[in-house]
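Notes follow the structure.
All values reported here derive from a predicted model rather than from experimental measurement. All values below were derived from every heavy atom in this structure, side-chain atoms included, with hydrogens, water molecules and symmetry-related copies excluded.
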Amino acid sequence: MVDHLWLIPALPLLGFLLNGLLGKTFGKRFVSLVGPGVVGLSFLLSILAFREMLGAPEYSISQLAFTWLEAGNFYVPVEFTVDRLSGLYILIVTGVGFLIHVYSVGYMGEEQGYYRYFAFLNLFIFFMLLLVLGSSFLLLFVGWEGVGLCSYLLIGFSFERDSAAKAAKKAFVVNRIGDFGMIVATLMIFVIFGTLDFAYVTQRAPALLEYGGFAVTALTLCLFLAATGKSAQIPLYTWLPDAMEGPTPVSALIHAATMVTAGLYMLARLSALFVLAPVTMGVIVVVATATAFFAATVGLAQNDIKKVLAYSTVSQLGYMFMAMGVGAFMAGIFHVMTHAFFKALLFLGSGSVIHAMHHEQDMTKMGGLRARMPITALTYIVGALAISGFPFFFAGFFSKDEILWQVFSSAAGHPVVWVVGAITAVLTAFYMFRTVALTFFGKSRVDPHHAPHVHESPWTMTLPLVVLAVLSVIGGWVGIPHVLGGPLGLHNVMEGYFEGFFARVPAEAAYHGVTVELLLMGLSTGLALIAMYASYRLFAHQPERAAALKARLSVAHRVLANKYYIDELYDLVFVRPIHWISDKILWRIVDVRIIDAIVNGVGITARNLGGALRLAQNGVVENYAIGIALGAVVIIWYLVF
């Protein structure tokens, strides 16, 4: 298998080429076979590679494909590495990605540009696999920029809609801000270490970087800036909710398996650097905690089902970064995995509803759909239970509560962070069961013209839902904590991979005992259960009370519904001034009056000079004779005087 690692990213790239070049000619059946097929094969190879990695020395296998750049001491190979971190990621990317591809066959079947859609989707998977498998910063950067490009192409897939085109541009521009941090960090790493190889950098970091020093702090802050762009944290989160303009399967792929998890992968891969920068770790905790709570409050007041899920993703990403910020890298990666299952399920479930509702996304125009769409309803409820942390059975319970425990018990954490995280969990349970109640329960509010045509989605859409629902239940069982009698299977596999952040503090400072852990787990889970029930009762059975509560809290509801007016604030503070400077100064003055004037002036001068010289070559012999005579007079005068 080591000799065939290159096939894991190469197969989706092949799918991109086949669908992009031949898909329009060979038709939908060809595209429907190639698009999901190459990702499915890549998933099977990923399983084989993961198994082989577990039996390899130091849990790592690598393949050198070819030399990319070599100049003096600067050497960058195209080398693919599967270790415990990248191995888990490729299983998530290809496994969940394959289910999304299968779902897309049914969801996008009637769309124009079907072949183009699958070509871009395959390319998205390729760049994400390149990002994860690459053994150097340069390969990571290529994949990093590649997923940004693909997000632009897929969010703006329906480019004839102005809203989709604007959302795609917004995602591209906002991510360029974060990418500036990645470029600066990459240059700093090369200056400090003389190489871009991950293995060398992580091994030599403690020797070459001073703990808490300026260099490592600046370096990791730049890396975190890059992560805030890709993984949608404050202040660069605004592109992700607008990305809902893309097709729903694209939303599932971005939110669950590819782009937004790239920033977390980068932090986990470079944990050896981050544990040397306590200031950066503190910044990560503060930003992540604020992001998790902020996004959860916005999710309370959104009526667009996809917008609710989008802000839910921003909030859950905040949870993952909270874990990273206190050094609990494994807890963060565990939540990445479980979140991939239930968030893909929720987005695809919402897509099934939107597909049946003739592209209606407003939950206030739904209701009572569980009778018409039983599979979609059941699987969506499973996803809602998982993300809400329903105890003991669903994946989100184990990963979410592990993060909350880590932020409370670790020396780098703080009880205030736990309180905000617990409140966020309660808000998550409330707004998720609001979507369940408004969409599948209560009285039908469906347009009478569309109501008779609402039906369950085809098997190509419901089968991925069922598989993801199963994973949303059993996915957390690989991380059942010891306090609940679990073996911590995934944690045992990953043990020893991350640098020991907690080794820097006394053991007793990083643990508070089983009793405290159980009490905190019971408190956060109990409050979340109350929020689930209250939300369901309020929106499914007492809509008049919900309306009265909304009227009573009209000001707060308006603020939340308008997302704290952050987009308007950014527009006022950044977009309009930049637009004014670009229009009034850079274009009308610098471009038109200076650059154009210089360029046009050179052209006019050359033309006029040519016109003057042309008079000397007019073909009149008498003029030539006069010119010769005058020249002779000038020469004689010069020689005599």
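- Although no hydrogens or angles enter the test, the distance criterion places no donor-acceptor pair under 3.5 Å between the side chain of Ser399 and the main chain of Phe334.
- Between the side chain of Ser231 and the main chain of Gly263, a donor-acceptor pair closer than 3.5 Å is present.
- Here the side chains of Met461 and Leu348 are not in contact, with every heavy-atom distance at 4.5 Å or above.
- Without hydrogens or angle criteria, Gln302 side chain to Leu560 main chain gives a donor-acceptor distance under 3.5 Å.
- Note that CD of Glu52 is 7.5 Å distant from CG of Leu5, once rounded to the nearest 0.5 Å.
- Looking only at distances, a side-chain donor or acceptor of Ser472 sits under 3.5 Å from a matching main-chain atom of Leu468.
- Residues Phe43 and Phe98 place their aromatic rings such that the two centres sit no closer than 6.0 Å.
- A 6.0 Å sphere centred on OH of Tyr152 holds no more than 12 heavy atoms belonging to other residues, nucleotides or ligands.
- Remark: Leu518 CG to Leu523 CG distance equals 12.5 Å, nearest 0.5 Å.
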Assess whether ring pair (Phe, Tyr, Trp, His ring centres under 6.0 Å) is satisfied between Tyr380 and Phe440, documenting all intermediate values. CA-CA 9 Å; Tyr380 187 94; Phe440 298 107; 5.4 Å; yes
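- Taking the six-membered ring where tryptophan is involved, the planes of His355 and Tyr107 are tilted, since the angle between them lies from 30° to 60°.
- With rounding to the nearest 0.5 angstrom, the NZ atom of Lys307 is 8.5 Å from the CE atom of Met244.
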Walk me through it: do Val34 and Phe30 pass the test side chain to side chain contact (heavy atoms under 4.5 Å, CB included)? CA-CA 6 Å; Val34 171; Phe30 173 81; 3.7 Å; yes
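- Partners of His359 by side chain to side chain donor-acceptor pair (under 3.5 Å), not counting sequence neighbours: none found.
- For Phe120 and Phe124, the gap between ring centers reaches or exceeds 6.0 Å.
- Thr525 places no side-chain N or O within 3.5 Å of a backbone atom of Gly522 that could act as its donor or acceptor partner.
- Going from atom CH2 of Trp459 over to atom CG of Leu465 covers 13.0 Å, rounded to the nearest 0.5 Å.
- For residues 244-266, the set of pairs meeting the salt bridge (charged side-chain N to carboxylate O under 4.0 Å, His left out) definition, not counting sequence neighbours, comprises Arg161-Glu245.
- In this structure a side-chain-to-backbone donor-acceptor pair under 3.5 Å is present from Trp239 to Gly229.
- Using a distance-only test at 3.5 Å, with no hydrogens or angles considered, no donor-acceptor pair links the side chain of Arg269 to the main chain of Leu85.
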Side chains of residues 528-538: which donor-acceptor pairs under 3.5 Å do they make with residues two or more places apart or in other chains?
unit_1, atom_1, unit_2, atom_2, d
Ser535, OG, Phe430, O, 2.7
Ser535, OG, Arg434, N, 3.0
Tyr536, OH, His541, NE2, 3.0

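- In this structure, Lys28 contributes its side chain and Gly109 its backbone to a donor-acceptor pair below 3.5 Å.
- Centroid-to-centroid, the aromatic rings of Tyr237 and Phe294 come within less than 6.0 Å.
- Without hydrogens or angle criteria, Glu456 side chain to Ile375 main chain gives a donor-acceptor distance under 3.5 Å.
- Remark: Ser315 pairs with no residue by the side chain to side chain donor-acceptor pair (under 3.5 Å) rule, at least two apart or across chains.
- Residue pairs that meet the salt bridge (charged side-chain N to carboxylate O under 4.0 Å, His left out) test with at least one member in residues 36-48, sequence neighbours left out, do not exist here.
- We find that Asp362 and Arg445 are not joined by a salt bridge, their nearest charged nitrogen and carboxylate oxygen being 4.0 Å or further apart.
- Heavy atoms from other residues, nucleotides or ligands lying under 6.0 Å from NZ of Lys365 number 12 at most.
- Considering CE of Met330 and CE of Met324, their distance stands at 9.0 Å, rounded to 0.5 Å.
- Tyr319 contributes no side-chain N or O that, together with a main-chain N or O of Lys400, makes up a donor-acceptor pair within less than 3.5 Å.
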Report all side-chain donor-acceptor pairs from residues 250-261 shorter than 3.5 Å, counting only partners two or more places apart or in another chain.
unit_1, atom_1, unit_2, atom_2, d
His255, ND1, Thr313, OG1, 2.7
Thr258, OG1, Leu253, O, 2.7
Thr261, OG1, Thr258, O, 2.7

